[in-house]
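Scroll down for the structure; my scribbles are underneath it.
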2 protein chains.
Amino acid sequence: MDKALQVREFAGLAGVTVRALHHYDRLGLLRPRRTAAGYRLYGRRELERLEQIVALKFIGVPLKRIKSMLDRDSAALPGALKRQRTVLEEKRRLLDHAIEAIRNAEQAFAEGRQPDTAILKHIIEVIEMQNDQDWSAKYYSPEARAKIEERKKEWTPELQEQTTKAWLDLFRDVEAALGDDPGSERAQALGARWKQLVGGFTGGDPGVAAGLNKMYADRPNWPAHMKETMAPFSNPKVWEFMGRVLKCASIG
Amino acid sequence: MDKALQVREFAGLAGVTVRALHHYDRLGLLRPRRTAAGYRLYGRRELERLEQIVALKFIGVPLKRIKSMLDRDSAALPGALKRQRTVLEEKRRLLDHAIEAIRNAEQAFAEGRQPDTAILKHIIEVIEMQNDQDWSAKYYSPEARAKIEERKKEWTPELQEQTTKAWLDLFRDVEAALGDDPGSERAQALGARWKQLVGGFTGGDPGVAAGLNKMYADRPNWPAHMKETMAPFSNPKVWEFMGRVLKCASIG
DNA sequence: TTCCAGCCTGACGTTGCGTCAGGGTCAAGC
DNA sequence: GCTTGACCCTGACGCAACGTCAGGCTGGAA
């Protein structure tokens with residue numbers, strides 16, 4: 001006869017609450033035997049199972065899935081572990097961003113005399129970057145995403161500013177040259193600048209370039225603030241003109 | 001007249017759902033004006049406030065607190081930011097542990113032929129370490145906790161094993177010497193070994209040592225698995241004997 | 001027998017919305 | 001003037017994992 005414990009003792013032994021045991025019982029996750037009076041009795045088998053439950057819960061597996069894992073496809077464990085790890089790593093990424101955002105805001109507060117509400121703008125910035133990235137991810141293949149991730153590490157705010165300015169300049173110059181012959185020297189020079197700026201983002205990777213094209217093609221579905229951000233670059237005449245310029249370049 | 005938007009447009013603009021706006025409205029967090037028919041109308045002021053809400057939500061502040069922050073003590077923002085950051089950092093610590101635990105389990109799976117359920121033991125190990133640490137934290141002052149954190153970085157599994165063995169050996173030797181005079185050379189040698197092992201954990205820090213004493217004094221309240229872990233070291237005669245030995249040492 | 005500790009089963013509360021269900025509103029087309 | 005169809009409204013339930021009563025048995029001791 002194995003020692004059988006009542007809920008309270010068992011809960012203490014295993015480091016969970018009595019209520020949790022009740023909960024697991026109702027979910028069918030851990031059903032102890034019962035005395036005639038209905039008291040729950042836990043033994044060694046239950047302890048083992050509970051430990052597995054706690055382990056899976058610790059790594060963030062929801063109770064329902066724990067149940068199906070332990071009851072049915074226990075062979076799927078390694079796959080489940082990996083999936084769960086990627087989930088947690090994603091959560092961690094989010095947490096990192098949030099912490100970074102707070103740091104930004106705190107620093108802004110420590111440095112300057114801004115009204116409290118304005119400080120939150122620093123957090124908003126991070127959120128929007130985050131949103132843009134999550135949202136644009138769907139246009140890229142996994143490999144392309146990996147490339148972008150890699151290149152992002154070498155990305156600095158100054159570089160960002162320079163790039164934005166370069167694009168603005170280019171658009172202004174192209175608008176001034178809309179009447180030119182696409183094959184003209186001036187137009188081709190603009191085309192070269194264009195290609196270089198694109199290359200600065202794609203890093204020459206065709207997969208990244210393909211994603212970028214998909215994203216551009218889908219611009220009617222962009223979220224509002226993305227459209228707003230890209231508003232200075234939305235002139236369709238410029239795009240059309242550059243299309244012809246680049247076609248000339250590839251032919252000639 | 002500022003442009004007033006209906007829920008759908010406003011939600012799209014701000015990147016939240018219509019339902020969320022309804023929710024914030026009911027909570028009193030963001031109350032737009034209404035048309036005669038009861039339609040919600042959002043303007044620039046509402047957009048600003050919503051951005052602040054989203055920012056605070058992003059860093060994990062619950063809606064109720066957001067409300068009180070924005071309505072009443074908006075001056076408490078920097079403090080709130082700091083608190084929130086520590087909360088998130090704590091969460092991140094937990095997440096890291098969970099990820100580490102999964103890695104352990106995955107490696108065990110990749111290496112050896114263990115049954116699936118046994119692999120979860122590797123996760124359980126991490127959980128228990130985590131629990132022990134969280135629970136023992138209450139005995140230490142913040143400074144002592146910081147010291148321990150620092151020393152933990154130089155802690156390796158091998159060192160852990162060595163230390164455990166050293167303690168086991170010491171207890172065995174002390175048990176064999178219980179009849180000796182506490183002032184005797186043999187007893188004093190045992191006392192020296194004891195002090196050295198304690199010092200190996202405290203690093204000579206009196207704060208850490210104080211916490212350790214508090215923890216030992218509270219041993220009736222230790223959780224079950226802690227008692228189990230410490231069972232080999234629970235012989236009260238050994239502790240009593242060592243008390244006398246160390247008193248002799250400090251006097252003589 | 002009585003008492004108290006410990007067990008039981010509901011059932012509601014929490015957090016931030018998602019998701020119907022049932023029913024007005026409004027501009028447009030017939 | 002009436003019907004659409006697109007939007008809007010207000011409940012109200014659902015989810016995840018228990019916490020926290022409330023009301024009522026059980027079981028061993030005094």
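For the numbers below, each heavy atom of this structure counts, side chains included, while hydrogens, waters and symmetry mates do not. Letters go in sequence order (proteins before strands), and every chain restarts at 1.
- Closest to the B:Thr17 side chain, of the nucleotides C:dG18, D:dA17, D:dG19, is C:dG18.
- Not one side-chain nitrogen or oxygen of B:Lys64 sits closer than 4.0 Å to the OP1 or OP2 atom of C:dG16.
- Comparing A:Ala37 and B:Val18, the nucleotide of DNA chain D nearest to each residue sits closer to the 5' end for B:Val18.
- Residues B:Arg44 and B:Lys3 are in side-chain contact: their nearest non-hydrogen atoms beyond the backbone lie under 4.5 Å apart.
- Side-chain N/O atoms of B:Tyr39 and base N/O atoms of C:dG24 include a donor-acceptor pair closer than 3.5 Å.
- At the phosphate of D:dA17, neither OP1 nor OP2 sits under 4.0 Å from any side-chain N or O atom of A:Tyr24.
- Contact between the side-chain N/O atoms of B:Thr35 and the OP1/OP2 oxygens of C:dT25 is not found at any separation under 4.0 Å.
- Phosphate proximity of D:dT10 to B:Arg40: present, with a side-chain N or O under 4.0 Å from OP1 or OP2.
- A 4.5 Å side-chain heavy-atom check between B:His97 and B:Arg93 finds at least one atom pair inside the cut-off.
- Taking 4.0 angstrom as the limit, B:Gln6 places none of its side-chain polar atoms (N or O) nearer than this to OP1 or OP2 of D:dC7.
- Rounded to an integer number of Å, the gap from CZ of B:Arg34 to C1' of D:dC7 is 14 Å.
- Between A:Arg8 and B:Ala36, it is A:Arg8 whose nearest contact on DNA chain C lies nearer the 5' terminus.
- The CZ-C1' distance, from A:Phe10 to C:dG6, rounds to 17 Å in whole Å.
- Following rounding to the nearest Å, A:Leu5 (CG) and C:dC7 (P) show an atom-to-atom distance of 11 Å.
- For the pair A:Lys57 NZ and D:dA17 P, the computed distance is 8 Å after rounding to whole Å.
- Using a 4.5 Å heavy-atom threshold, the side chains of B:Arg40 and B:Arg34 count as touching.
- Protein atom CG of A:Leu21 is 15 Å distant from nucleotide atom P of D:dA17, rounded to whole Å.
- Remark: C1' of D:dC8 and OH of B:Tyr42 are 11 Å apart, rounded to the nearest angstrom.
- By the 4.0 Å N-to-carboxylate-O rule, B:Arg103 lies close enough to B:Glu100 to be salt-bridged with it.
- The phosphate of D:dA16 (OP1 or OP2) has no side-chain N or O of A:Arg26 nearer than 4.0 angstrom.
- Of the side-chain N and O atoms in A:His22, none sit less than 4.0 angstrom from OP1 or OP2 of D:dC18.
- Look at CD1 on A:Ile53: it is 16 Å from P on D:dA16, rounded to the nearest Å.
- Inter-residue side-chain proximity for B:Tyr42 and B:Leu30 is flagged as met; some heavy-atom pair is nearer than 4.5 Å.
- Between the P atom of D:dC13 and the NE2 atom of B:His23 lies a distance of 16 Å, rounded to the nearest Å.
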